[in-house]
Amino acid sequence: MLTELDYSAIILTFKLAGLTTLILLIISPPLAWWLARSRFVLRPFIEALVALPLVLPPTVLGFYLLISFSPDNFIGGLWLRLTGDTLAFSFIGLLIASVIYSLPFVVQPLQSAFVNLDKDYLEVAATLGFNSTETFYKVVFPMVLPSFIIAGALGFAHTVGEFGVVLMIGGNIPGETQLLSIALFDHVETLQYQQAHLLSFGLLAFSMTLLVLIYGVLKKRQQRMIDA
């Protein structure tokens with residue numbers, strides 16, 4: 001049977017994944033739009049910087065974030081002076097790290113959708129007198145809605161499953177930074193395979209259910225577009 005700490009880790013994991021996904025769905029659309037449309041000379045560098053967590057070992061990313069969050073460095077020192085608390089080994093530090101390492105999983109599907117967007121629709125919106133905000137919410141958003149669903153699901157799922165960055169930044173503090181992946185690792189280390197199996201099977205069932213729901217929604221939308 002699962003322990004009280006296991007349930008605490010599950011709740012904390014979904015809280016972190018929910019907040020991370022919410023933040024990413026706010027900051028990623030303008031960034032993805034800019035990456036898809038800009039001709040700025042430094043765009044390839046910024047694009048590579050956003051995509052870096054895809055190829056960088058999580059422990060390397062976690063190590064540099066841990067150094068940055070140290071009270072001896074600018075970011076960690078500034079946070080300590082403002083809040084009186086350390087950024088490393090805290091839930092806020094974990095949230096910032098989660099946004100950074102899940103960023104490409106949300107930005108790239110949106111960027112791809114914006115690149116493939118038919119420019120004729122944007123020109124029609126311009127002739128109708130839509131400003132940029134109206135064009136996005138009345139024209140762009142409905143057309144790329146499936147990409148928003150995929151981006152949000154990928155960001156959420158990646159945050160739930162991350163281990164290396166979580167261990168480096170959050171450590172293993174029950175009720176504060178002990179997430180599902182860390183609790184699972186703890187059970188394996190202490191040979192509590194029954195609890196490890198329950199947590200693993202729960203993650204497997206959650207991931208499968210999420211994918212089935214996403215593909216089901218997308219298939220219904222595609223069918224409606226074909227029938228229209």
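- Nearest heavy atoms, Phe114 versus Ala36: CB-CB, 3.7 Å.
- Pairs engaging residues 49-77 under the side-chain hydrogen bond (donor to acceptor under 3.5 Å, both in side chains) rule: none recorded [sequence neighbours left out].
- Val212 shares a hydrophobic cluster with Met208; the chain of contacts runs through ILVMFWY side chains whose heavy atoms sit under 4.5 Å apart.
- Residues Glu176 and Phe89 are not in side-chain contact: their nearest non-hydrogen atoms beyond the backbone lie 4.5 Å or more apart.
- In this structure, OG1 in Thr177 is found 13.0 Å from CG in Leu95, a value given to the nearest 0.5 Å.
- Of the candidates Val188, Asp6, Leu204, Asp6 is the only one forming a side chain to side chain contact (heavy atoms under 4.5 Å, CB included) with Leu199.
- Of all the heavy atoms in Thr86 and Pro71, the pair that sits closest is CG2-CG, 4.1 Å.
- A distance of 12.0 Å separates CH2 in Trp33 from CD in Gln111, rounded to the nearest 0.5 Å.
- The closest side-chain heavy-atom distance from Val144 to Leu110 is not below 4.5 Å.
- Applying the ring-ring contact (aromatic ring centres under 6.0 Å, His included) test to pairs two or more places apart or on separate chains, those with a residue in residues 146-177 are Phe14-Phe156, Tyr101-His158, Phe105-His158, Phe141-Phe148, Phe156-Phe206, Phe163-Phe185.
- The CG atom of Leu154 lies 11.0 Å from the CG atom of Leu24; values are rounded to the nearest 0.5 Å.
- Side-chain contact between Glu162 and Ser98 is absent, with no heavy atoms from C-beta onward closer than 4.5 Å.
- Residues Asp85 and Leu80 are not in side-chain contact: their nearest non-hydrogen atoms beyond the backbone lie 4.5 Å or more apart.
- Atoms CG and OG1, from Leu198 and Thr3 in turn, are 10.5 Å apart once rounded to the nearest 0.5 Å.
- Nearest approach of Ser181 to Gly161, heavy atoms of both residues: CB-O, 4.5 Å.
- Looking at heavy atoms from C-beta onward, Ser200 lies in side-chain contact with Leu184 at the 4.5 angstrom threshold.
- When the ring pair (Phe, Tyr, Trp, His ring centres under 6.0 Å) test is applied to Trp79, no partner is found at least two apart in sequence or on another chain.
- For the pair Val60 and Pro57, the minimum side-chain heavy-atom distance is below 4.5 Å.
- Within the 3.5 Å criterion, the main-chain N or O of Val124 finds a donor-acceptor partner in the side chain of Thr127.
- Atom OG1 of residue Thr83 and atom CD1 of residue Ile92 lie 9.0 Å apart, to the nearest 0.5 angstrom.
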Gln195 and His187: CA distance, side-chain angles, deciding distance, side-chain hydrogen bond (donor to acceptor under 3.5 Å, both in side chains) verdict: CA-CA 7 Å; Gln195 286 89 343; His187 286 314; 4.9 Å; no

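- Between Asn116 and Ser112 the shortest side-chain heavy-atom distance falls below 4.5 Å.
- For the pair Asn131 and Thr135, the minimum side-chain heavy-atom distance is 4.5 Å or more.
- Checking Leu19, Ile27, Val106, Leu94 one by one against Val99, the side chain to side chain contact (heavy atoms under 4.5 Å, CB included) holds for a single residue, Ile27.
- In this structure, Leu180 CG and Ile11 CD1 are separated by 11.5 Å, a value rounded to the nearest 0.5 Å.
- The heavy-atom pair separating Gly155 from Thr21 by the smallest distance is C-OG1, 4.0 Å.
- The nearest pair of heavy atoms linking Ala51 to Pro104 is CA-CB, 4.0 Å.
- Under the 4.5 Å side-chain contact rule for hydrophobic residues, Tyr137 and Phe130 share a cluster.
- Side-chain contacts under 4.5 Å among hydrophobic residues (ILVMFWY), followed directly or transitively, place Leu213 with no other residue at all.
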For a quick test of your reading: what N or O donor-acceptor pairs under 3.5 Å do the side chains of residues 164-175 make, sequence neighbours left out?
unit_1, atom_1, unit_2, atom_2, d
Asn172, OD1, Gln178, NE2, 2.8
Asn172, ND2, Asp186, OD1, 3.3
Asn172, ND2, Asp186, OD2, 2.8

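- Looking at every heavy atom in both residues, Leu179 comes nearest to Leu16 through CD1-CD2, 3.4 Å.
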